[in-house]
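Heads up, the thing below is written out as structure tokens.
Just so it is clear: chains get the letters A, B, ... in the order the sequence lines come, proteins before strands, and each one is counted from 1. FYI, side chains are in, hydrogens and waters are out, and symmetry mates aren't considered; it's all heavy atoms of this structure.
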Amino acid sequence: MQQFVVFPLLTHSHHFNQIKGKEKKMIGGVFIYNHKGEVLISRVYRDDIGRNAVDAFRVNVIHARQQSRFPVVNIARTSFFYTKRSNIWLCAVAKQNINAAMVFEFLNKMIDVMQSYFGKISEENVKNNFVLIYELLDEILDFGYPQNSDTGVLKSFITQQGVRPVTREEQTNVTSAVTGQIGWRREGIKYRRNELFLDVIESVNLLMSQQGQVLSTHVAGRVVMKSYLSGMPECKFGINDKITVENRTKTTTDSTNSTTNPNNGSTNPATTTKTAIAIDDCQFHQCVKLSKFESEHSISFIPPDGEFELMRYRTTKDISLPFRVIPLVREIGRTKMEVKVVVKSNFKPTLIGQKIEIRIPIPPNTCDVQLLCMKGKAKHKASDNAIVWKMKRMGGMKESQLSAEIELTPNDKKKWNRPPISMNFEVPFAPSGFKVRYLKVFEHKLNYSDSETIKWVRYIGKSGLYETRS
Amino acid sequence: MYEGEGKKGEIYELKAELNSDKRDRKKEAVKKVIASMTVGKDVSQLFPDVVNCMQTDNLELKKLVYLYLMNYAKTQPEMAILAVNTFAKDCNDPNPLIRALAVRTMGCIRVDKITEHLCEPLRKCLKDEDPYVRKTAAVCVAKLYDINQQLVDDQGFLDMLRDLLSDSNPMVVANAVAALSEISEQSPQIKIFDLNGPTVNKLLTALNECTEWGQVFILDAIANYAPRDDKEAQSICERITPRLAHANSAVVLSAVKVLMKFLELIDQNSEFAQNLFRKLAPPLVTLLSTEPEIQYVALRNINLIVQKRSDILKNEMKVFFVKYNDPIYVKLEKLDIMIRLTNATNIAQVLAELKEYATEVDVDFVRKAVRAIGRCAIKVEQAAERCVSTLIDLIQTKVNYVVQEAIIVIKDIFRKYPNKYESIIATLCENLDSLDEPEARASMIWIVGEYAERIDNADELLEGFLDGFKDENNQVQLQLLTAIVKLFLKKPTETPQELVTRVLTVVTQETDNPDLRDRGYIYWRLLSTDPKAAKEVILAEKPLISEETDLLEPTLLGELICHIGTLASVYHKPPNTFVEGRFMTKKNLPLRSGFSNNDGESMGNGAVPSNYQESVVISSNVGSLIDDFDILGPMPNAPTTTTDMLYGQSQQRAPSAIPNLLDDELSSILGTDINMGGVQTTPTTTMTNTSAPASRPTTTATSGGNLLDDLFGDLNLSSGAPGISFSSANTFALPKEIWLSAQKGKGMEISGTFARRNNQIVMEMDFINKALQPISDFALQINRNSFGLIPTQPLHVTSPLFPNQTVSATLALNTTGSIAKSDPLTNLQIAVKNNIDVFYFNAIVPIHVFFVSDGEMDKMTFLQTWQDIPESNEVKHQLQNSNNLSIDDLQNKLRLNNVHTITRTTIEQNEMLYQTIKLTNGIFVLIELKTSPGNRTIAFSLKTRVPEIANLIVQSYELILSNLFFRSGLMQLERKFPAAQGAIRCVRYNIDGNYCLTSGSDRTIKLWKPDSNLTIKTYTGHSQEVLDVHSSYDNSRICSGGGDKRVLYIDVMSGKIVKKYQAHAGRVQAVRFNEEGTLIFSASIDGTVKIWDVKSREYDPIQVLDDAKDSVTSISLSGHEILTTSLDQRVRTYDIRFGKLTEDFIGHNLTYINISHDQQCFLVGTLSSQLMLFDKINGKLLQTFVDYTNNTYMIENALSNDDQFIYSGSEDGRLICWNLLTAKQVCAVEHEANNRKSVNTLSHHPKEDKLLTAQEGNIYIWSKTDKVEEKEEIKKPIVTEKKFVAPKFVSAGFE
């Protein structure tokens, strides 16, 4: 006769006997290859990435030549993220469901950092600097987690000079710069002349149909700042953004404070009528206090020393397109083609556009080209299958024309699919109408005032993808 | 210098240089070593020499040495110890950079022996004064955890890490978050990183100040947080929104992820949510001006977001226009999104673009563009004409792949707009010869077959194809077969007839493709037996095609939304499909419930993403395949009769017509939990509690002591339970039956039943969408009927209802409507409207739902009324008391259905019951029941003034008495459906209970979605009946065993047999996977258990357990133990870890074993009609469970998830449930009223209180309803009076 006293069924715990599946949430390794697939740098961070991963990528991606058409590939449950710069392949490996956007951002950042250390990414440069690259990789990626990757800060302690006889103070400066709230600026900067430069650089993107209908257009703008300011200056930046301007006119009346620009030569002439523009979206350098922007729509920040990109923005409305290309392509029979291209400049006559280059694609089976242009120089570049027409400068409200006769060798193999005509240029105004209204500098400790700071503003409008279908 | 010169003495030279006194030479040498290491040369011999260089104050040299160390420490663990001292020393260096470097490196040295030495330095560094060291140390904890979890636990590093979340330095916080997130995902069972309000608050504060990467870590962590309510979700959203303006796309996407997830919790119509949606668009668009790789990631995510909420980007079509220089992957992705955003307003623009793209060079891109044009036609009706003419233009170009692609889409257009564009057939036919791809050929053949009557030379065309029949692709062959039969049916002339004969002969005699052959047989039989039926079947009207392609399944979409920014969102696959490891926590969108209940309407709609309402139709390849499914179901190997086949076929049709969905089904099976909230909620309409209006009985007779008391003798009508009211709020309900079949309902199937709940008549319905497109706009009306039933509120069904989705709805009815006599009396004509059509059908309302609760009358009135009603109105009947109910049971049972017992008496040993029923319309029915002892019939006589209802009442009595459900109140039949695979041998839930597997005597295994009785796939491969089947824990594989002595290892997705093991000498009774799915255990009648390693190439078992003296009947696995039962009356426990065998002698033939969920006990079924529960550890008998029948078959048993109840089938057709503690039967339900066939197999739902059982060929799903009150039993455990069969405890080697 047995008795059971305690009945152990009511309280039970589930046993998880197997917890083998390991989660490696971050980058497992970074490889750099040359175009032949030889590995130049291989840094593995995680145990689950073996040497065979290095080979897998070479075999399946580099040697497969275009077989894999996506920038992320999964080979044997391992994901490879890659990008290519000139002849160099950069590849990050991970076994888990990691943040893909972050990996690519990281790869790009890594390229930036390397470029700022030793210039162009080339096989030779990578080989010559491999110790430096390992050192950088050790610093900016810890166990696969990206760490502070700001070039300015990195340069302060990864120098390739061996160990510097650093003082204790300097050491703490470095570490606080790497980790600090203001990771982008170190303390104790001093300039005799406090000066800052603002470049508003816009690239105009356009896709136009043959009929001259704008299919899509947008301006991607960047505000690049070069600051040579002492101490820890706080800056406030004002632009003619619609929301900000409306806010201002509503709340205050003293908003007459406009651009403090000493060489007043570059007010924005193309948009004199417009007072405010609609910005679709903007992004800021990490120094900008985003929460403040969200709540008050004011851009305030403590700038890094030297050059940096303060903000990026995008606009799609009311863009004044500086140039218009009117193509006329006639195919005369199988062996002849006539191309006529008219370019019109569409801005104030007092301004001058520069570095104008128009690239007119022609069929690959072209054998001869007769060119005639009113202005500038035009050339047939057989290697590019294009006519390149260059003009050094062109005034506003002008027009120029190129005509070409093209002879073709008969070829039935493939239809030519008329790539669009693209254009490059540079104009001295912001096509979006973007305007800097003010940039104020406050430095409380060092006591130099806003008015003592010398400020420069420049507007440059460039072509992005400026295409007209032919 | 970079690459070693490859000399023989290279290593030797390096060695010398490493030991050089000059620092520069040393450094150069180390550099060379590292260079060799990079290219994969083995320089591990230099280990001691390199480690010697560690002691240096040159930081660069030190770093190089460390790099070397990380690489080779594992291969030279002994040597690596040498480095420990240096690490310890470096961790105390005054220079924080060196301290950090040391702590960073030592975590990367994965040598067990070293790790112990690292704890002290790490602890110190976690509290270092310098934030740079602390942030490095935080990561180091994660590294250490990866090497040795126990150590991290023991040393309290996790707590220290949690403390760092409050660090003053944001970077430290960020790294701590990253480390904690990783650790907690590694060990999901331990609450390591339990986010709560204050923590999130801290993180949000740090978010503003840390680096871009830190922001990503924090946002990703917050995405896993579940806000308490919508307010909190809103405030978090507010604080995260500024991140959308960050320059780093990863920050932006992670912020989008958090917002998308939390927005689920916020009222979609609120101003806040609307505002937020507006804010999401610009940053997403901005992502398209980044580097192409990031663009790609962004586009893949936008693709998801657009599927979830198309309105976010509806005005941004232009940004997705393809640029000439975009890389191909960006182009393809943009095109995909363009199609999704296309609508009537922008179609012109889109079409112009697509036309442009169709002239590009990249073949894939062009094809996709052409296909896109077709989709536009299907999506936007106004543009269809333009699209078609564009396609025709493209066909004129004669570019081969363009033509083929165009034909494929045109076929879909034909299906969408029948009789509109057939004029272009001629143009299409011109290109017949150039088609060389199977899909295009198949499409063309479909067109020819479908429009055979309009194409004069259709026979010639098809004949042309037929000549090369054998060389054609399978798809084309099938299509050709169907097309020829269609042609014949449409033009039954000479040539077609000849063709049909030819094709059928070839197909049935010369082909070895079973699909083709079976289809051939079916056609043949159809044509030869009943040409009319053949016409109906083959030329049946085709279901509508849905216009949206590859929309992700909503649950999957929801999961992917939770993974925005990550690889899963790039692959559009849940992480467990491309990631190793099993214990993944599956992410789901939060379910918006529990708060903001104020508007039920918008709640319901809000739960379903709004964009689905407008998203409509087609899958690119549905059209081409649809014909396949007209006729082709998975056919049984041996066709029985034609009618059977047709039946089976029509059952199969709707689900299998959607190949895309099928894939989704299968891929989602791979996940563990797909029934997620947020997307698929199935709200039922709230029942209003207005009780049925009824006046008190108009009895005016004076009560009080009167003569009748004497006449009726002692009143014991209250003997049942004094406190309990006479009536019941809920009467029993019949299981749902199909009211409207999917065929009649154009894809909508309605099954339902009537019941009385809370004194209200309700109609309970299941709506199943078996069409290919979502169904919406449901409404219901009831025709005038005998009892004046009308709905009290409009029908509320969550819409749209997606394909294969099931939604239940409850509609409260009352009887205040206008009355018209219907025939039969209880018939109800119902009309249901949806966006497709209006459907009419009939349903019979069981009369007992009309019985009202206040139908009692006093004895006087009863007697009076009885006498007043003429004799001619009396109806007599003999009721079968098949369940042998006692008079008390009888009374109780009827009482629960509002049959009121007025009085009860005994006359000459005959028990008499006098009862009344009142119907909703005030009709009274008076009943007299007479039972005599020993007699199983009950004499029944009834009087009512309305004789028409008499028969109905009799029927309802029969129904009530034969049904046993009420006795338990515990198990309720939820659903019953035929499996169509002969007798079912076993039913098994999968690991998460969302799917089930059944195996049958017809040699097939079927995979079901039990919620919607949908067959997902049928697996074949056994040559005799399949006795057991089990799915692996990751749901990717199935193993099965059967009468053919085989064990099969089957791939779930493809249905392919991966391995076939044939080493058993007798039939295989049971199969199980181990948890990893790497081993299969099979038990056979030959007395052995064989263990198969599925990963190895061997076809021999890796181990054979042949200890049993008789056939092994079942296996159960628990961790490292294998338990088996055998007919030699023993339970054998094999302990794999110790290689120990324990035998327990039970003394009965054993049939089935189950281990309790707490792993403490096991439950065995015996052939002597008792279940026995033993303590697994010491073999003590704990309890026996009796009162069921099990003498012949192997009856399976199950334990409830909380180990409180025990279930078993029974050979008398019942499902029995016992309380585990008391061994008292709490419930016993019959499967069918008149079917006593054995219930052999059952499976308990792994999560819910549900059971799956099978009787003969039907599958039953039971759910446990309310807990029953068990009176008095609980207090006294029945211990002493139990007869114990003393188990022998025999350890290994004794026998």
Region of [X] in contact with chain A, defined by heavy-atom distances below 4.5 Å:
X	result
B:Glu291	side chain
B:Tyr324	both
B:Val285	both
B:Asn1074	neither
B:Met70	side chain
B:Asn248	both
B:Glu356	side chain
B:Leu101	side chain
B:Asn71	neither
B:Ala142	both
B:Tyr66	neither
B:Leu64	side chain

Among [options], which residue forms the greatest number of heavy-atom pairs with chain A at distances under 4.5 Å?
options	value
B:Ser254, B:Ala247, B:Ala298	B:Ala247
B:Val251, B:Asn301, B:Leu61, B:Leu67	B:Leu67
B:Leu287, B:Ile34, B:Leu332, B:Leu253	B:Ile34
B:Met37, B:Glu360, B:His246	B:His246
B:Ile328, B:Ile294, B:Ile564, B:Leu567	B:Leu567

Fill in: Side chain, backbone, both or neither of A:Glu467 within contact of chain B (heavy atoms, under 4.5 Å)
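It is the side chain, since no backbone atom gets that close.
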
Practice prompt. Examine whether an atom of A:Phe106 lies under 4.5 Å from a heavy atom of chain B, and if so say whether it belongs to the side chain, the backbone or both; otherwise answer neither.
Written response: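 Both parts, heavy atoms under 4.5 Å.
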
Discussion item. Can you classify the ring geometry of B:Tyr329 versus A:Phe70 as parallel (below 30°), tilted (30 to 60°) or perpendicular (above 60°)?
Written reply: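 Answer is tilted, since the angle falls between 30° and 60°.
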
Taking [options] one by one, which has the highest count of heavy-atom pairs under 4.5 Å against chain B?
options	value
A:Thr217, A:Leu215, A:Thr316	A:Leu215
A:Arg312, A:Gln147, A:Lys289	A:Gln147
A:Ser216, A:Ser422, A:Pro146, A:Ser42	A:Pro146
A:Asp280, A:Thr78, A:Thr83	A:Thr83
A:Pro419, A:Ser149, A:Ala220	A:Pro419

Practice prompt. Apply the test salt bridge (charged side-chain N to carboxylate O under 4.0 Å, His left out) to residues B:Lys143 and A:Asp142: give CA-CA distance (whole Å), side-chain angles for both, the deciding distance (0.1 Å), then the verdict.
Written response: CA-CA 10 Å; B:Lys143 293 176 184 169; A:Asp142 188 3; 2.8 Å; yes

For the [atom1] atom of [X] and the [atom2] atom of [Y], what is their distance to the nearest 0.5 Å?
X	Y	atom1	atom2	answer
B:Cys108	A:Asp138	SG	CG	7.5 Å
B:Glu182	A:Phe143	CD	CZ	5.0 Å
B:Glu293	A:Leu107	CD	CG	8.0 Å

Worksheet entry | Pair A:Met102-B:Trp213, side chain to side chain contact (heavy atoms under 4.5 Å, CB included): steps then yes or no | CA-CA 8 Å; A:Met102 189 179 79; B:Trp213 314 116; 3.7 Å; yes

Item to complete: Kindly determine whether A:Phe104 and B:Thr290 satisfy side chain to side chain contact (heavy atoms under 4.5 Å, CB included), including the steps that lead there.
Response: CA-CA 11 Å; A:Phe104 282 122; B:Thr290 47; over 6 Å; no

Fill in: Verdict with supporting geometry, A:Leu207 and B:Lys318, side chain to side chain contact (heavy atoms under 4.5 Å, CB included)
CA-CA 10 Å; A:Leu207 184 61; B:Lys318 278 186 179 176; over 6 Å; no

Fill in: Over all atoms of both residues, closest heavy-atom pair of B:Val297 and A:Ala101
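B:Val297 and A:Ala101 have their closest heavy atoms at CG1-N, 3.9 Å.
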
Worksheet item: At their closest point, which heavy atom of B:Tyr296 faces which heavy atom of A:Pro71, and how far apart are they?
Response: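 Answer, listing the atom of B:Tyr296 first, then A:Pro71: CD2-CG, 3.4 Å.
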
Worksheet item: Looking only at atom types and distance, does a side-chain atom of A:Arg314 sit under 3.5 Å from a main-chain N or O of B:Pro282, one as donor and one as acceptor?
Response: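 Checked: pair present.
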
Discussion item. If we ignore hydrogens and angles and just use 3.5 Å, is the side chain of A:Gln283 paired with the main-chain N or O of B:Ala245 as donor and acceptor?
Written reply: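 A pair under 3.5 Å: no.
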
Worksheet item: After noting the C-alpha distance and the side-chain angles of B:Glu212 and A:Glu105, does the key distance pass the side chain to side chain contact (heavy atoms under 4.5 Å, CB included) rule?
Response: CA-CA 10 Å; B:Glu212 44 197 333; A:Glu105 282 285 356; 5.6 Å; no

Worksheet item: Can you find a heavy atom in the side chain of B:Lys31 that is under 4.5 Å from one in the side chain of A:Tyr134?
Response: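 Not touching, per the 4.5 Å side-chain cut-off.
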
Worksheet item: Do B:Thr211 and A:Asn148 pass the side-chain hydrogen bond (donor to acceptor under 3.5 Å, both in side chains) test, and can you show the C-alpha distance, the side-chain angles, and the key distance before you say yes or no?
Response: CA-CA 7 Å; B:Thr211 63; A:Asn148 195 329; over 6 Å; no

Worksheet item: Can you tell me if NZ on B:Lys62 sees more than 12 non-hydrogen neighbours from other groups inside 6.0 Å?
Response: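 Yes - once you tally the heavy atoms of other residues, nucleotides and ligands closer than 6.0 Å, there are more than 12.
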
